[in-house]
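In this text the structure is predicted, and so the values were computed from the model without any measurement.
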Amino acid sequence: MRQPRRALVTAGLVLALTSSALAGGAATAAAALAPGTIVQEGGALRVPAGEEGPVTTRLTVALPPGVTGRIAGQRLSFRAWSADPASRPGRRITSTCAVDGGPFAPCAWDSPDPETVDGAWLVFDLPAADVAPGASTVTYDITVDAGSDLGGLGPFSTTVELRDGTGAVVATGELAFSFEQGTPEAWLRTSLHARDRDGVLWQYDATGRGDGTPLKPRKRVGGGWNAYTALTKLDRTTAAGGGDLVARDRDGVLWYYRGSGREGAPFAPRRRVGGGWNAYTSLVGLPGGDLFARDRDGVLWRYPGTGLAAQPFGRRVRVGGGWNAYKSIVAFGDGLVAHTPDGRQWRYEKADDWDPAVPFKPRRAVGGGWNAYTALAGMGRIGRTAYEDNPSLAARAKDGRLVVYGVVRFDGKSEPYYPRPGGWSWNIYDLLV
C-alpha cells in the first residue's frame, strides 16, 4: 500500500458521549471538584508505518476523590482540512487497548464519510473503565500499527475527556500521534538474486531503509542453478517471495518458476515451457509477464505474458531488428536499458499505445561509462521514501563492487541515477538477476 505524504491540519476536539454509552454506569463524582488529569507518558506517540509492528503508548488518568463505578470511553475525532476524504486512512490503522493492566482487546479506528459525519476524518474508540472504590488512577495502554502507505500522516492530537455516569467530566488531557515512514513491508521491497560458481542461488532482500545500506545479508535459495544458461525475472521479485522467473537449460528448454509468496522458499517447483530457446542470445522479462528474446540475427521478439502457469506466454510478435548492436539488454522499470560495447547506455521507455509490435518508445541516450560494469540486473523498490519507490538497477564493477542505482524522472522520462554502495566481493557470482 502506498500513499503520498499529506500535510494535515488538525485540531483537538471535545468529544460528545451518547446516553447509551453511559447506560449501566453507576459512577459518581463530586461536580464541584476540578477534573483530574490525563497524561500521555512520553508525549506524542511516534508510530513507524511499515513492517516494524505496533508500538504502545500509555494514558495515566488521575481522578479526583470520590469517583467510582464506570467512566465512559469516548470516540476521539480528528479533522483534517487538507486531507483527501476518499483516502479514509482509519481503516488501515489497527490498535488494541488494555485498561488497568488487563488483557488487550481491539479498539477501532475508522474514517467515516465526512459528508455524513460532520466532517470527521479520523476517529478512534477509547474503551470505558470501571473504577474500584478508593482507586485514584486508571491506565490505558494503547498499541498502534499502520502500513507503510500511511507514513508521514500527522502529527495530530485531540482532547480526551472522561465522564462519569452523571455526564460530569472527571478527567481531561491530550492524546497525540504521528505516523512516520517506517520500513516497507516485505511484499513491497525488492530482491536481487545471484548465482555462485557452484550453482547455488542466493537472495539479497532490500533493507527498505534508504540509509546507504540497500541490501540485507544473503539467504540461500538452493543449488543446481548452474544447469541453466540464462535466467530472467518476469516481474520484480520481492522479499516476500513474490515475482516469477524463467530459466533456460543447456538443451534449450525453458522452465517457468512461479513466485511462491513464501519468504524462505521464493519459487514454486518449476514447470516446463518448451524447447528451442537456444535460438536466442538474450532473454529479458518485464513486469506484467512479457518475455523479450533476441535471436542470432539481432531480431527482438516479444512473448506476451498470459498469467497462466501452465502456458505463461502467447504467440511471439516481432518487435524489430538491429538489437545485435547491444552487448547487454536489461530490464529497468517497465522498460529496458541497453548497452553498446563502448559503454553507452540507451533507454527504452514503455510505449503508451497497445500495439504489441511496438512495446517501447524510441530509444534515447542516457550516458557513457557503463562498460565499467561486468553484470547488471533490474530491481524494484529499495528504500522507504516515495522517491525510492521507483525502480532500481544493480551494477557490478570489475573489482567486485556492487553499486545500486535509483531512478530519476524528468518530464515523464526515467533513467538510472543516484548510485549507492551495495557491498564488495560480488565477483564470486557468475550471474545477477
Side-chain angles (χ1 to χ4, degrees), residues 1-18 20-21 38-59 61 72-99 104-129 140-163 169 171-185 384-386:
M1 294 178 291
R2 295 189 294 270
Q3 294 287 329
R5 182 182 297 267
R6 295 185 177 88
L8 306 179
V9 181
T10 59
L13 301 177
V14 177
L15 304 160
L17 300 171
T18 64
S20 60
I38 302 174
V39 176
Q40 185 176 7
E41 296 184 10
L45 181 66
R46 299 168 63 180
V47 182
E51 70 175 13
E52 283 81 358
V55 291
T56 304
T57 190
R58 170 170 283 192
L59 297 180
V61 182
Q74 296 178 299
R75 168 154 282 202
L76 279 60
S77 179
F78 304 88
R79 296 173 186 265
W81 301 330
S82 63
D84 176 11
S87 66
R88 308 186 81 167
R91 301 187 178 188
R92 303 191 299 282
I93 303 170
T94 58
S95 283
T96 61
C97 297
V99 181
F104 281 90
C107 44
W109 292 82
D110 197 6
S111 293
D113 185 343
E115 295 183 0
T116 60
V117 193
D118 193 27
W121 178 69
L122 189 64
V123 295
F124 173 67
D125 290 330
L126 190 68
Y140 286 94
D141 290 309
I142 306 169
T143 72
V144 186
D145 194 13
S148 58
D149 64 314
L150 298 187
L153 181 66
F156 53 84
S157 63
T158 191
T159 298
V160 181
E161 290 187 345
L162 297 177
R163 299 173 184 261
V169 176
T172 184
E174 186 179 79
L175 177 62
F177 295 90
S178 66
F179 293 89
E180 301 181 352
Q181 194 69 59
T183 302
E185 294 82 357
R384 64 174 54 179
T385 66

### Task
Taking the side chain as every heavy atom from C-beta outward, state whether Arg46 and Ser178 have any atom pair closer than 4.5 Å.
yes

### Message
Has Ser95 got a side-chain atom pairing as donor or acceptor with Ala108's backbone, closer than 3.5 angstrom?
### Response
no

### Query
Asp145: what forms a side chain to side chain donor-acceptor pair (under 3.5 Å) with it, not counting sequence neighbours?
none

### Query
Looking only at atom types and distance, does a side-chain atom of Thr57 sit under 3.5 Å from a main-chain N or O of Ile142, one as donor and one as acceptor?
no

### Task
For the residue pair Glu52 and Thr183, confirm or rule out a side-chain donor-acceptor distance under 3.5 Å.
yes

### Task
Could you tell me whether the side chain of Pro54 reaches within less than 4.5 Å of the side chain of Thr94, counting heavy atoms only?
no

### Query
Roughly how far, to the nearest 0.5 Å, is CD1 of Ile38 from CG of Leu126?
8.0 Å

### Message
Checking the side chain of Glu174 only, and the main-chain atoms of Ser157 only, is there a donor and an acceptor separated by less than 3.5 Å?
### Response
no

### Message
Would you say that Asp125 contacts Asp110 through its side chain, given a criterion of any heavy-atom pair below 4.5 Å between the two side chains?
### Response
no

### Message
By the definition side chain to side chain contact (heavy atoms under 4.5 Å, CB included), identify the one residue from Thr96, Ile93, Thr56 that meets it with Val144.
### Response
Ile93

### Query
Are any non-hydrogen side-chain atoms of Val123 and Trp109 less than 4.5 angstrom apart?
no

### Shortest non-hydrogen contact between Tyr140 and Pro127, atoms and distance
OH-O, 2.9 Å

### Query
Hey, does the side chain of Gln181 reach the backbone of Ser148 with a donor-acceptor pair shorter than 3.5 angstrom?
yes

### Message
Looking at every heavy atom in both Phe104 and Asp141, which two are closest together, and how far apart are they?
### Response
CE2-O, 3.5 Å

### Message
As an exercise, state the distance from CZ of Arg58 to CD of Glu41, rounded to the nearest 0.5 Å.
### Response
5.5 Å

